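Everything below concerns the one structure shown next.
In this text the structure is predicted, and so the values were computed from the model without any measurement. The figures here come from the full heavy-atom set of this structure, side chains too, leaving out hydrogens, waters and symmetry mates. Numbers restart at 1 for each chain; the letters A, B, ... are given by sequence-line order, proteins then strands.
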Amino acid sequence: MSEQQPDENGKEPLMQRVLDNPFILLFVGVAFPSVLYLVWGIMEIVSVPLGQ
Amino acid sequence: MNNTLFRVCPDTGLKFHRPAETLMKANAVAAVVFLLVGGFYALLVGLTRWQAVHLLAADQFYMVLTLHGLNVLIFWILFFEIALLYFCSSTLLGCRLAAPRFAWVGFALMLIGAVMNNVIVLQGNSSVMMTSYAPMGAHPVFYLSLILFAVGALIGCFVFFGTLVIAKDEKTYEGSVSLVTFGAITAAIIAVFTIISGAIILIPTLLWSLDLIAHIDALMYRLIWWGFGHSSQQINVSAHIAIWYAIAAIMFGAKPLSEKVSRMAFLMYILFLQLASVHHLLVDPGLSSEFKMFNTSYAMYLAVMASMVHGLTVPGSIEAAQRAKGLNNGLFEWLRKAPWGNPTFSGMFISLVGFGFLGGISGVVMGTEQINILLHNTLYVPGHFHATVVIGTTLAFMALTYWLVPILFRRELVMKKLASWQPYLFGGGMAGVALFLMGAGTVGVPRRHWDISFSDAAGAVYEFPGAANTMLALNGVFVILAVAGGAAFCVIVVASLLFGKKLGEDEKSPVPLIAEPPADADYEGIGSGTITVPGTLVFALVFFASFAIYYFVNWKYLGETWGIS
């Protein structure tokens, strides 16, 4: 991202470093839907009481 | 540069790693073959749902519908996406591909899986449609073939990520990767989540089909399967939007209005797009409203906002580049004088408009829990995804392919006149299909039933309004147009690869294949007053007005469902 310039210490802004690291993005991109969709959904289903 | 391992494209200056190039070609050719197969089945499906024609018997219909769904929604698209991942990493970053032999293993697994799947479904005992909802069971080979295909695609994703590491280590680029490569990273990340979800559900289902597991819970299956089934279509969204940005740069030398904003929009895809899977579960019992509404009415809207950002910035970047080149009069001179006869541009632009207006608006309507009850499991759903996946993704892939034939395969395109018409035929046909399927769904026609007259169901007396039959007939007509457009694409591509004039490695194409970008100074003073891209702004306002009107019309329909006495 050429629009963002390094700060006075020569470090790129945090958000740019996040966006430049595909493995952080991979972790976030798998963890987020896994928790919000798969884990939450599975917990709701397993907490449904069994029919008598 | 090692000349035996790399070649430089004389038209674009792109550096092709030869092993990567061969893999891209193999994946692209396989993709087109499966598109051809799946497109043929599309014709049979459309002609069966046309009540006056009603071509196939019930058992054949479900078999053909299964084949159609898997060949075009999974095999065509994922083979093309793997080719795209290799192009966006190795070629756009100018580096060698990581582990080409490993990539060939992935390709072989995908090919074996896809062929096995077609064979087993054609045997007639796995007509479970793409969703293959348990406890409706298929032959074990059906699940095994999908697992093999998914493992192959996962290997392709790992090769892509490995190539990003090589490019960084070998410093083949400076700063950040290009926006197009960033879009491909988004697609690959969503692919990893998709394949993990597929593995979680398909491996136990395979064991269940082998009688090694006694029971698969139907709701659990649906929840996890849609993490795979819907997310697989979100890979497409990221991939085809990356292609929109690429074509804007190729055809016009356009640069994004704001790279920061476009990258943040892709980041929102990574975070929120997969959550839209819940809209398939909005009427399922056992899942709370909190779960349903958070994932659809809140999180999904953030992904929708990201799509609207892309839908604004891609035409906006084209408008800015055209104005910078002197087409600065009025609101739409930049668009009127765009190269509408070039299938790469026209395909991309129809993809953008169809995806936004038809696919995007209908997706939000379906993702609203209250309105969803009107449309759930009706033909509205295939109407929606034919707009997103076929007009949006498939047409974008076709548009890029026209550009790739001379660049990647070093062949001149043949049948150029037909090629210039093909996106209109395919896009127009598919827009009709999407609209009439959605229309039929709005009057309640079920999504999967073979025959809406229920002629084989004793005692069934429900009669649909006459409009339903009209919609299904019009759908059939537009299916024929769309299939003709798809067939034209396959014919043009295959004929070009076989008979197109060969271009030498250092021979330039007779027509320029990449536009010069305007100079920064040319962008000064473009537009109208302080508004740089007024034409795109007008488009955005028309889009929002259409969105709001259609959304509230559906609430009105809902309000009429139950009268208040």
**Asked** In terms of heavy-atom proximity below 4.5 Å to chain A, should B:Ile196 be classed as side chain, backbone, both, or neither?
**Response** side chain

**Asked** Tell me, side chain or backbone of B:Gln234 under 4.5 Å from chain A's heavy atoms, or both, or neither?
**Response** neither

**Request:** Answer with side chain, backbone, both or neither: which region of B:Leu273 has an atom nearer than 4.5 Å to a non-hydrogen atom of chain A?
**Result:** neither

**Message:** Is A:Val30 in contact with chain B via its backbone, its side chain, both, or neither, using a 4.5 Å heavy-atom distance?
**Reply:** both

**Message:** Quick one, B:Phe182 with A:Leu19, criterion side-chain contact (heavy atoms from CB on, under 4.5 Å). Give me CA distance, side-chain angles, the key distance, then yes/no.
**Reply:** CA-CA 9 Å; B:Phe182 192 76; A:Leu19 291 177; 3.8 Å; yes

**Prompt:** Should the heavy atoms of other residues, nucleotides or ligands under 6.0 Å from OH of B:Tyr133 be counted, would the total exceed 12?
**Reply:** yes

**Request:** Drop me the distance from B:Asp284's CG to A:Ile45's CD1, to the nearest 0.5 angstrom.
**Result:** 8.5 Å

**Item:** Spacing of B:Ser288 atom OG and A:Met43 atom CE [to the nearest 0.5 Å]
**Value:** 10.5 Å

**Asked** Can you find a heavy atom in the side chain of A:Phe23 that is under 4.5 Å from one in the side chain of B:Leu164?
**Response** no

**Complete:** Heaviest contributor of heavy-atom pairs below 4.5 Å to chain A, chosen from B:Ile185, B:Leu219, B:Thr194, is B:Leu219

**Prompt:** For the residue pair A:Leu26 and B:Ile189, what are the closest heavy atoms and their distance?
**Reply:** N-CD1, 3.6 Å

**Request:** Please state whether the side chain, the backbone, both or neither of A:Ser34 comes within less than 4.5 Å of a heavy atom of chain B.
**Result:** both

**Request:** Could you tell me whether B:Tyr301 atom OH has more than 12 heavy atoms of other residues or ligands within 6.0 Å of it?
**Result:** yes

**Request:** Enter the distance from B:Phe193:CZ to A:Leu38:CG here, rounded to the nearest 0.5 Å.
**Result:** 4.0 Å

**Message:** Counting heavy-atom pairs under 4.5 Å with chain A, which one of B:Ser231, B:Ser277, B:Ala299 comes out on top?
**Reply:** B:Ser277

**Item:** Residue part contacting chain A, namely of B:Phe266, when any heavy atom lies under 4.5 Å
**Value:** neither

**Asked** Does the side chain of A:Trp40 reach to within under 4.5 Å of the side chain of B:Leu287, using non-hydrogen atoms?
**Response** no

**Asked** Between A:Tyr37 and B:Ala276, is there a donor-acceptor pair closer than 3.5 Å when you use the side chain of the first and the backbone of the second?
**Response** no

**Request:** Against chain A, label B:Leu179 side chain, backbone, both or neither, depending on which of its atoms sit under 4.5 Å from a heavy atom there.
**Result:** neither

**Message:** Working to the nearest 0.5 angstrom, can you tell me the gap between A:Asp20 CG and B:Arg263 CZ?
**Reply:** 7.0 Å

**Request:** Taking the side chain as every heavy atom from C-beta outward, state whether A:Met15 and B:Leu267 have any pair of such atoms under 4.5 Å apart.
**Result:** yes

**Asked** Do the non-hydrogen side-chain atoms of B:Phe291 and A:Leu36 ever get within less than 4.5 Å of each other?
**Response** no

**Message:** How close do B:Ser176 and A:Gln16 get, counting heavy atoms only, and between which atoms?
**Reply:** OG-NE2, 3.6 Å

**Most contacts with chain B, counted as non-hydrogen pairs under 4.5 angstrom, among A:Val28, A:Leu25, A:Val46** = A:Leu25

**Prompt:** About how many Å separate CD of A:Glu44 and NZ of B:Lys292, when rounded to the nearest 0.5 Å?
**Reply:** 9.0 Å

